[in-house]
2 protein chains.
Amino acid sequence: MTSPVTDTKTIPDLLAGKGVRLTAPRRAVLDVLVAQAAPLAVAEIHAKLGNRRINLVSVYRTMRLLSQLGLVRLADESKGTQRFELSEAFTGHHHHLVCEQCGLVEDLEGCWLGVNMLDALNRRVRRARQFRVTSHDLKLFGLCQRCGSA
Amino acid sequence: MTSPVTDTKTIPDLLAGKGVRLTAPRRAVLDVLVAQAAPLAVAEIHAKLGNRRINLVSVYRTMRLLSQLGLVRLADESKGTQRFELSEAFTGHHHHLVCEQCGLVEDLEGCWLGVNMLDALNRRVRRARQFRVTSHDLKLFGLCQRCGSA
DNA sequence: GTCTCTGCAAAACTTTTGCAGTGTG
DNA sequence: CACACTGCAAAAGTTTTGCAGAGAC
């Protein structure tokens, strides 16, 4: 009963069919994301890789690859920096708290939007605006614990 | 019964107290935003200013100033570019449709989240996470008319 | 005259691209 | 060998900063 990501078998096999290798650097990036319960900036991921001498550019390339493969998701781009997290297949559908002061992004478990409401909204938008909704994102802005108590 | 923004009297007076002048370039930027029903990128605003020889840097500075004054709001930062719109005091509270393919952002009138649900959510987040919610943002991702029919 | 604002140039940052070299099947 | 991957350097794109001159009150 291992995590789908840390499982040494399923993911590499899944990728092999596409000619993609789950190399040590990529594995390391995924490990960093698995250990985190919130979106991480590319620079933060790179920093957490520590002494493994992995180039920042490789982290960028890895993030784009993993996004295309659906393993990872670009969860936030505020303050001019991309923040990634494991895709919802692994984390479950959820939303985020965003601190307006320091830019910290935290996970908020679960989805609070009713399925009925979302269905109605999607249908309406599709009919009235010819816009096909594929996903949604709810963010709560405010002050995090640190900034709020300061 | 003029719009609060196009009204030549209230806004300048409001700013005067802070030592801020509503100059021609700033007025021009506001006019562009008023004429638009969706968030605009800084480069787009600059382009719409056309032959008025206003520097791109001045547009950036104007946007930051207007944001601080609460007249304008940073509505979206996807694809690495900031997009601004008039603040909700003028446009009313609303959300956005974001095309995942071309990055187009459209307005979606009104708020679909129930007040009761939001209140409960805010209280819960405040209690459990010491996070003080001040606002929220709902985005629907998908394909716009152009990209969806292609 | 003072203080704000603007334009131009340059800098800072994040992200992408080119290319040569490494490694693996 | 072929092909994917990585690192280094350079480029590209957006946003910010410095400074001197122009403009408003």
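The chains referred to below are lettered A, B, ... by the order of the sequence lines, with proteins before strands, and numbering in each begins at 1. What you see below is based on every heavy atom in this structure, not just the backbone, and it leaves out hydrogens, waters and symmetry mates. Predicted model, so just to flag it, every value in this text is computed and none were measured.
At the phosphate of dC5(D), neither OP1 nor OP2 sits under 4.0 Å from any side-chain N or O atom of Ser58(A). Residue Arg26(B) has no polar side-chain atom (N or O) positioned under 4.0 Å from OP1 or OP2 of dT4(C).
One atom, NE2 of His46(A), and another, C1' of dG7(D), lie 11 Å apart when rounded to the nearest Å. Lys18(B) places its NZ atom 18 Å from the C1' atom of dC5(C), with the value rounded to the nearest Å. Going from atom CZ of Arg53(B) over to atom C1' of dG23(D) covers 17 Å, rounded to whole Å. Nucleotide dT6(C) holds its P atom 14 Å from the CZ atom of Arg27(B), rounded to whole Å. In this structure, the CG atom of Leu66(A) is 17 Å from the P atom of dA4(D), given to the nearest Å. Asn55(B) has its CG atom 9 Å from the P atom of dA9(C), to the nearest Å. Between Leu22(B) atom CG and dG23(D) atom P there is a gap of 18 Å when expressed in whole angstrom units. To the nearest angstrom, P of dC13(C) lies 16 Å from CD of Glu44(A).
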Does the protein touch nucleotides 12-22 of chain D at the base, only the backbone, or not at all? Give it as B, S and - per nucleotide, heavy atoms under 4.0 Å. --SBBBB----
Going 5' to 3' along nucleotides 20-25 of chain C, which nucleotides have protein heavy atoms under 4.0 Å from the base (write B), which only from the sugar-phosphate (write S), and which from neither (write -)? ---BB-
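Summarising the geometry, atom CD belonging to Gln36(A) is positioned 9.0 Å from atom CD1 belonging to Ile45(A); distances are rounded to the nearest 0.5 Å. To the nearest 0.5 Å, the span separating CG on Leu33(A) from NZ on Lys48(A) amounts to 10.5 Å.
Residues that satisfy the salt bridge (charged side-chain N to carboxylate O under 4.0 Å, His left out) test with Arg132(B), not counting sequence neighbours, are absent from this structure.
Pairs passing the salt bridge (charged side-chain N to carboxylate O under 4.0 Å, His left out) check and including a residue from residues 92-115 of chain B, sequence neighbours excluded, read Arg129(A)-Glu106(B). Each ring-ring contact (aromatic ring centres under 6.0 Å, His included) pair with one or both residues in residues 125-150 of chain B, not counting sequence neighbours, appears once here: His93(B)-His136(B), His95(B)-His136(B).
Looking only at atom types and distance, the side chain of Thr62(B) has no donor-acceptor partner in the side chain of Arg64(B) under 3.5 Å away.
A side-chain contact (heavy atoms from CB on, under 4.5 Å) with His96(B) holds for exactly one of Leu138(B), Leu108(B), Leu140(B), Val105(B); it is Val105(B).
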Candidate pair Leu30(B) and Leu22(B), rule side chain to side chain contact (heavy atoms under 4.5 Å, CB included), full reasoning: CA-CA 10 Å; Leu30(B) 279 173; Leu22(B) 186 51; 4.1 Å; yes
What donor-acceptor contacts under 3.5 angstrom involve side-chain atoms of residues 142-150 of chain A, with partners at least two apart or in another chain?
unit_1	atom_1	unit_2	atom_2	d
Ser149(A)	OG	Gln145(A)	O	2.9
Ser149(A)	OG	Arg146(A)	O	3.2

